[in-house]
Number of protein chains: 2
Amino acid sequence: MVNGGKRSGRPRAGEERLSRDAILTAALGIVDDEGIDALTMRRLAATLKVNPMSLYHHLPNKAAVLAGLAELVFAGLELPDPGDSVPWDEQLKQAARAYRDGLRQHPNLALQVLSDTAAVSDVVVVTMEPFYRALDRAGLAPREIFEAANTLIDFIHGFSLGEASVRAETFELAPDLLTRVRALPAHKAPTLTRIVNDLGADGLAYDFDSGFESGLSTLTAGIAATVRRR
Amino acid sequence: MVNGGKRSGRPRAGEERLSRDAILTAALGIVDDEGIDALTMRRLAATLKVNPMSLYHHLPNKAAVLAGLAELVFAGLELPDPGDSVPWDEQLKQAARAYRDGLRQHPNLALQVLSDTAAVSDVVVVTMEPFYRALDRAGLAPREIFEAANTLIDFIHGFSLGEASVRAETFELAPDLLTRVRALPAHKAPTLTRIVNDLGADGLAYDFDSGFESGLSTLTAGIAATVRRR
DNA sequence: TCCTTATCCATACGTTGTACGATTATGTAC
DNA sequence: GTACATAATCGTACAACGTATGGATAAGGA
């Protein structure tokens, strides 16, 4: 009993006990505050004022903690469904924006979440319902609905991955890109070079929000074209 | 000198020496064969028949090894450019397919590569030239070219991430999805439920290749719509 | 020849995930 | 009540990891 006032053995009836949920909540706090690397079993246990090995009673290993976090983030997602009061493409866009926002809430977890969606696809599949509904309203066939939803989801994932990576390094895209391209031998990428010169420094200022909107518009336009082709 | 026939100190002139390239090549081999977790500095050194600390003469730390691997994969990419002999949308699709194929070559590295593109954007920016060229031919304005290219790249990234994650777990999407959706209370996701029932088990068989093609078609159709809107 | 620099090796430290077993309470069966 | 299986925690310990430090040896220019 070298421990500071901490008894060994099973806690008494009234005492608060550890739980999977408590562990995951604490873990999420650590990750949000200090990044994914700060999350170690020892650190997690210390935060909960508990022996590291106690955690293993509720979760089999660290991988399970990470998977649990991904699950938590996904479970917290709620895509709005404005219903039929707006055109289908606006409905789709709103759901897409909400999905992106949800993923942005825990940037330090983005990588974990995005590479773990398979593990949590229970939740995913239900969460995406607004996507399916909007696409159904657009007049797509069942198979097309699936394909279009997947395409949209893939776009959001790729976009979010970029967003999270860049944010993690406080990397400034625009000015960097400009100098880099200017330093290139022009013949290696003539079109790129010309575009960059046409745009100038101002035109290059990259903005995640408008980039996302632009992607959404392209995708909905593409989907609309699928519908029209019948 | 407990070591098995290995001398200490600088190697003699003729002897083969370590190099950044040799290290990265060996690392790539390990990752491809046994996954990213199998890559440790000690294991890497053992493969090269070298003391672990020798590696640090050529690379500052393990993170640099991983970044180097991402760079390697990207440098190996070559997007074909069929030129103006095909329509712009076909040109764009061919480049996109090649990009996806390149990322698929080292599935165990997908996450690393995709979350590290910022670090290697020198290479990226040049590699994407065929994208820009095709979009230029389509008749987009400079700013639109950028936006469309980014959208396409984000889609490919998201798609590749899903492909890599799933492959890593030998997860079978289709049958799993079917049983899962059937188990749902229908009111939680009515559209999804109806779609799944309409399609049946056969119609659900998911195929990455056709999923990718479907995404490409949607995107090119959306881009074409942008052009037409002028 | 001397000296700087390149290259590699040996040892060692702090951290990590977690296997194992001891310790203490709970809840059920008799 | 009294056993007893089970639950929950703690303490110790270990192997593996990344890498800091410093020593050994040779290369190559002064």
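Lettering follows sequence order; numbering is per chain, from 1.
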Margin query: Per the salt bridge (charged side-chain N to carboxylate O under 4.0 Å, His left out) rule, what does the pair list look like for residues 52-68 of chain B, sequence neighbours excluded?
Written below: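 Checked against salt bridge (charged side-chain N to carboxylate O under 4.0 Å, His left out) - neighbours excluded - no pair reaches residues 52-68 of chain B.
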Check: Where the side chain of Ser54(B) is defined as all heavy atoms beyond and including C-beta, which of dC9(C), dC10(D), dT18(C) is the nearest nucleotide?
Finding: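 Comparing dC9(C), dC10(D), dT18(C) against the side chain of Ser54(B), the answer is dC9(C).
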Notebook entry, point to check: Which of the following nucleotides, dT18(C), dC10(D), dT11(C), is nearest to the side chain of Met53(B)?
Noted result: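 My answer, after comparing the listed nucleotides, is dT11(C).
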Item checked: Residue mapping more 5' on DNA chain D - nearest nucleotide basis, His57(B) or Ala63(B) ->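 Checking each residue's closest nucleotide, the 5'-ward one belongs to Ala63(B).
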Output a table of nitrogen or oxygen pairs between the protein and nucleotides 15-18 of chain D separated by less than 3.5 Å.
unit_1: dG18(D); atom_1: OP1; unit_2: Lys62(B); atom_2: NZ; d: 2.7
unit_1: dG18(D); atom_1: OP2; unit_2: Met41(B); atom_2: N; d: 2.8
unit_1: dG18(D); atom_1: N7; unit_2: Arg42(B); atom_2: NH1; d: 2.4
unit_1: dG18(D); atom_1: O6; unit_2: Arg42(B); atom_2: NH1; d: 3.3
unit_1: dG18(D); atom_1: O6; unit_2: Arg42(B); atom_2: NH2; d: 3.1

Checklist line | Non-neighbouring partners of Asp81(A) that pass salt bridge (Lys or Arg N to Asp or Glu O under 4.0 Å), sequence neighbours left out | finding: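 For Asp81(A) the salt bridge (Lys or Arg N to Asp or Glu O under 4.0 Å) partners, ignoring immediate neighbours, are Arg133(A).
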[X] [atom1] - [N] [atom2] separation (whole Å):
X        : N       : atom1 : atom2 : answer
Leu55(B) : dA6(C)  : CG    : P     : 18 Å
Leu44(A) : dT16(C) : CG    : C1'   : 14 Å
His58(B) : dT19(D) : NE2   : C1'   : 16 Å
Leu48(B) : dC9(C)  : CG    : P     : 11 Å
Ile23(B) : dC8(C)  : CD1   : C1'   : 11 Å
Asn51(A) : dT24(C) : CG    : P     : 15 Å

Item checked: Contact check, side chains of Arg97(A) and Glu213(A), non-hydrogen atoms, under 4.5 Å ->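 Counting from C-beta outward, Arg97(A) and Glu213(A) do come under 4.5 Å.
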Note to self: Determine whether Asp154(A) and Ile156(B) satisfy the following criterion, side-chain contact (heavy atoms from CB on, under 4.5 Å), listing intermediate values before the conclusion.
What the structure shows: CA-CA 8 Å; Asp154(A) 284 338; Ile156(B) 301 175; over 6 Å; no
Notebook entry, point to check: Can you tell me how far the OG atom of Ser115(B) sits from the NE2 atom of His157(B), to the nearest 0.5 Å?
Noted result: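 If we round to the nearest 0.5 Å, Ser115(B):OG and His157(B):NE2 are 10.5 Å apart.
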Checklist line | Pair Phe155(A) + Phe159(B): ring centers closer than 6.0 Å | finding: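 Ring centroids of Phe155(A) and Phe159(B) are no less than 6.0 Å from each other.
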